[in-house]
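Treat the numbers as computed from the prediction; the structure is a model and nothing was measured. Per chain, numbering begins at 1; letters A, B, ... match sequence-line order.
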Amino acid sequence: MPFTICTWNINSVRLRAPIVRRLLEEEAPDVLCLQETKCPAEKFPLETFAELGWEHLAVRGDKGYNGVAILSRLPLTPVEHRDFCLKGDSRHVTAKLPDGTQIHNLYVPAGGDEPNVETNPKFAHKLDFVDEMAACFRSHDGPAVLVGDLNIAPREDDVWNHKQLLKIVSHTPVETEKLNAAQAAGGWVDAVREVIPEGLLYSWWSYRAKDWDAADKGRRLDHVWTTPDLKIHGARVLRAARGWEQPSDHAPVFATLG
DNA sequence: ATGGTAGGGCACCTA
């Protein structure tokens, strides 16, 4: 049976529990992967989602920063994680669906402002993290999905202005090359671009723009990657959610697979 | 070239 997975950088799950509920009620993905939950695991508002039917949770969190969670209508076993770059950050959680599909939920470091590893340790951390993604997802034991806020827009049509963003962290050549290398190393398929192969496509719009919708200066930072054994039935960005009440700066990205 | 807006938690870090 196909299942629908959604990835959404929520920028505080406690503040935005109401719009997470709205997404679950209106879109009803089988699996919802959240990033930047910004709370420790014990403060994750599980009950508010469990009462809607999403009662299975794989969660990791840090006080005030990072945090990833997989909310599911289907059982998740076993739940594991990797400590990328050995920093103790909650940036990865993984679990298996009953059909054996392995779900990886990732929050790649944003990387700071200056795209220079000598002067900006956050940028060095980001590049190291993506290198580790290439090294650790090299083989798969059955079907797998990698989703998350990868904080890199790899293609020219994943940003509102390719030339202008070449020196902006998230679209520099060193980042896009490393992301492409990680994708290739894992044999991953960019499921969203399989379904929408042409044209501008974004999943994030800055809070700083006066009118994000009219200006439309977006970037595609959120991704769904699949192993080739998974059939891709559909994929889309729910752009409207960027305009919901008290929104995240990211829109949810969906794929129907299997 | 600069500054613009958010969240967490209560000074200033992060995005």
Side-chain angles (χ1 to χ4, degrees), chain A residues 7-23 33-45 48 59-69 83-85 87-93 105-117 119-130 147-154 158-161 163-172 175-176 179 202-223 237 239-253:
Chain A
T7 179
W8 197 9
N9 178 316
I10 198 61
N11 188 18
S12 174
V13 70
R14 288 177 292 175
L15 186 70
R16 283 185 239 291
I19 61 170
V20 174
R21 286 176 61 100
R22 178 173 175 182
L23 182 105
C33 294
L34 299 171
Q35 304 87 34
E36 276 209 274
T37 53
K38 290 189 171 175
C39 69
E42 62 271 19
K43 294 204 172 173
F44 189 93
T48 189
V59 63
R60 299 191 60 237
D62 304 316
K63 185 180 176 183
Y65 301 99
N66 311 321
V68 286
D83 182 8
F84 278 82
C85 305
K87 289 174 70 80
D89 290 349
S90 295
R91 295 181 178 274
H92 174 248
V93 68
N105 181 14
L106 278 160
Y107 174 48
V108 174
D113 288 330
E114 181 68 31
N116 181 336
V117 295
T119 57
N120 176 7
K122 290 191 257 187
F123 192 67
H125 176 211
K126 182 179 196 174
L127 297 187
D128 288 346
F129 193 107
V130 178
V147 306
D149 177 3
L150 305 187
N151 263 315
I152 297 171
D158 289 338
V159 295
W160 66 278
N161 185 323
K163 284 186 77 174
Q164 197 165 326
L165 287 172
L166 278 170
K167 292 182 177 174
I168 302 298
V169 171
S170 73
H171 194 61
T172 65
E175 291 170 89
T176 58
L179 191 70
Y202 315 135
S203 65
W204 173 88
W205 295 261
S206 173
Y207 284 126
R208 297 174 186 173
K210 277 198 202 88
D211 183 342
W212 72 273
D213 195 30
D216 202 19
K217 294 183 173 179
R219 305 177 202 171
R220 190 171 71 102
L221 304 180
D222 303 276
H223 300 272
V237 177
R239 181 181 170 119
R242 179 62 178 78
W244 287 356
E245 177 122 352
Q246 219 177 3
S248 167
D249 46 355
H250 293 252
V253 179

Side chain S203(A), main chain D222(A), donor-acceptor under 3.5 Å: yes
Using a cut-off of under 3.5 Å, enumerate the N/O to N/O pairs linking the protein to nucleotides 10-12 of chain B.
none

Rounded distance in Å between the P positions of dG9(B) and dA15(B): 16 Å
Could you tell me whether a side-chain N or O of K38(A) sits under 3.5 Å from a main-chain N or O of N11(A), the two making a donor and an acceptor? no
Verdict with reasoning, E175(A) to S170(A), per side chain to side chain donor-acceptor pair (under 3.5 Å): CA-CA 7 Å; E175(A) 291 170 89; S170(A) 73; 5.7 Å; no
Whole-Å distance, N120(A) CG to dT14(B) P, equals 10 Å
Judged by atom type as modelled, is there a donor-acceptor pair below 3.5 Å linking the side chain of D62(A) to the main-chain atoms of D89(A)? no
Atom pair distance, as rounded to whole Å: NZ in K87(A) and P in dC13(B): 15 Å
Just how far, in rounded Å, is P of dC13(B) from CG of D113(A)? 13 Å
In whole Å, I'd like the distance from the NE2 atom of H125(A) to the P atom of dT14(B). 12 Å
Taking all non-hydrogen atoms of both residues into account, name the closest pair between P45(A) and R14(A) and its distance. CD-CG, 4.1 Å
If you find the nucleotide of DNA chain B closest to H250(A) and the one closest to A209(A), which residue's nucleotide is nearer the 5' end? A209(A)
Between P on dG8(B) and NZ on K43(A), what's the gap in Å once rounded to a whole number? 11 Å
Kindly say if R16(A) contacts the phosphate of dG7(B), meaning a side-chain N or O under 4.0 Å from OP1 or OP2. yes
Between dA6(B) and dC10(B), how far apart are the P atoms? Round to whole Å, please. 22 Å
Provide, to the nearest angstrom, the distance between the CG atom belonging to N9(A) and the P atom belonging to dT5(B). 20 Å
Any donor-acceptor N/O pair, R239(A) side chain to A251(A) backbone, under 3.5 Å: no
Within the pair R14(A) and dG9(B), is there a side-chain N or O less than 4.0 Å away from OP1 or OP2? yes
Considering every strand and a 4.0 Å limit on heavy-atom distances, what is the contact class for Q246(A): base, sugar-phosphate, or nothing? sugar-phosphate
Quantified in whole Å, what is the C1' atom distance between nucleotide dC13(B) and nucleotide dA1(B)? 25 Å
Whole-Å distance between dG9(B) P and D62(A) CG? 11 Å
Under 4.0 Å, counting only non-hydrogen atoms across every strand here, what does K122(A) touch: a base, just sugar-phosphate, or nothing? sugar-phosphate
Backbone of V108(A) reached by a side-chain donor or acceptor of N151(A) within 3.5 Å: yes
L221(A) has an atom CG; how far is it from atom P of dT14(B), in whole Å? 19 Å
